[in-house]
Amino acid sequence: MDLITDLARGALIGIPAGGAYALMAVTTTLMYRSTGVLSFASSAFAMIAAYLYGELAGTRGWPTLAALVVALGVTVAYGLAVELLAIRPTRRGSATAQLIATLGVLAFSTGVTLLVFGVRGGDAPVLLGGDAFRIFGVSMMPQQALMLVVAALVAIGLRVLLDATRLGLSVRATAQDAEVSRLMGVSLTRVAQFNWGLGAGLAGLAGILIAPFSALTAAAFPLMLAKALTGSLLGGLASLGLSFAGGITVGVVEGAAAQRASQPGVRELAIFAVVVVFLMVKRTWPAEIARGTPTGLPRFRGIAGMTWAR
């Protein structure tokens, strides 16, 4: 009974962190569905936004809302620059070439961040203050609950955007076959700018929300991305809702493992075990993923009126 109680308590403790993983997992799945690229640059966007927010709101004493707006604005602008300078030149290349480009973006961003802000960023204050409250005996800060709410709303909003709007249809069609989309009047440049700007903003928001509750170091964000990728994997890199649930699951497993053992690496081993079990159970994947093409995309039937002008 003590084991069950400890695991349940640990699971509840891990849910708030799972909210941040869920937001990053949803962002990763969005980028894959909309670009066909498994992007590691999301880690860079989260890191830049968190460091800048910590510098402005923590070190320089800016109002948290102003610091949030500036940090997200800079991150979105950086995402657009990444699309222009790193992704667009590889547009006609393979998905592997673009993935390597995102790894280069992560390495470059890490170096620049360390040069500008140092090894450790400033202490990032919470956006949503207030007293902690308790759920089933587990203390939770208002901002930790905010992470869950934001991740859920983002997942729902993106699902509506991709599945129920002309813009979303253009985005998904471009990911499936860029050349056909271009011939049908879709501006590949504008779609790419939208994808990378939105992806950078969402990743930056995840970094800002988690920053007050974790060590603000450059090494923390690639690890955060690895956990988010686990959540995306549980969603099959296709479903935004399942990616959200996968991110929460990662947080729950991490919290439960930490509750039973305090040795370094226990949480990571627990997450690795989840991945292994999932891969053993899910022996087949949709044909689109097996071929390297995002799943859940339209087949260009009945979309003759789809346009997004250059």
**Q** Distance from Met147 atom CE to Ile248 atom CD1, nearest 0.5 Å?
**A**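 Interatomic distance, Met147 CE to Ile248 CD1, rounded to 0.5 Å: 9.5 Å.
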**Q** Starting at OG1 of Thr75, measure out to CZ of Phe45 and round the result to the nearest 0.5 Å.
**A** 8.5 Å
**Q** From Leu162 CG over to Thr29 OG1, what is the distance, rounded to the nearest 0.5 angstrom?
**A**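 Here the rounded value is 10.5 Å.
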**Q** Other hydrophobic cluster members with Leu115, side-chain heavy atoms of Ile/Leu/Val/Met/Phe/Trp/Tyr under 4.5 Å, chained?
**A**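 The other cluster members (ILVMFWY side chains, heavy atoms under 4.5 Å, direct or chained): none.
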**Q** For the CG atom of Leu68 and the CG atom of Leu72, what is their distance to the nearest 0.5 Å?
**A**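 These two atoms lie 4.5 Å from each other.
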**Q** Would you sort out whether Leu158 and Thr27 count as a side-chain contact (heavy atoms from CB on, under 4.5 Å), showing the intermediate values?
**A** CA-CA 9 Å; Leu158 290 176; Thr27 303; 6.0 Å; no
**Q** Nearest 0.5 angstrom please: Leu146 CG to Leu153 CG, how far?
**A**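 Spacing of CG (Leu146) from CG (Leu153) equals 9.5 Å.
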**Q** Under a 3.5 Å distance rule, please check whether Thr102 uses its side chain to pair with a backbone N or O of Leu99 as donor and acceptor.
**A**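 Between the backbone of Leu99 and the side chain of Thr102 there is a qualifying donor-acceptor contact (under 3.5 Å).
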**Q** Sort and list the pairs that fulfil ring pair (Phe, Tyr, Trp, His ring centres under 6.0 Å) and have at least one residue in residues 86-130, not counting sequence neighbours.
**A**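 Pairs touching residues 86-130 that pass the test: Tyr51-Phe117.
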**Q** Output yes when a side-chain donor or acceptor of Thr90 lies under 3.5 Å from a complementary backbone atom of Ile87, and no otherwise.
**A**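 At least one qualifying donor-acceptor pair exists.
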**Q** Would you find a donor on one side and an acceptor on the other, under 3.5 Å apart, between the side chain of Gln143 and the backbone of Leu209?
**A** yes
**Q** Say whether, by atom type as modelled, one donor and one acceptor occur between the side chain of Ser243 and the main chain of Val26 under 3.5 angstrom.
**A**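 Checked: no pair found.
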**Q** Looking only at atom types and distance, does a side-chain atom of Tyr21 sit under 3.5 Å from a main-chain N or O of Ala226, one as donor and one as acceptor?
**A** no
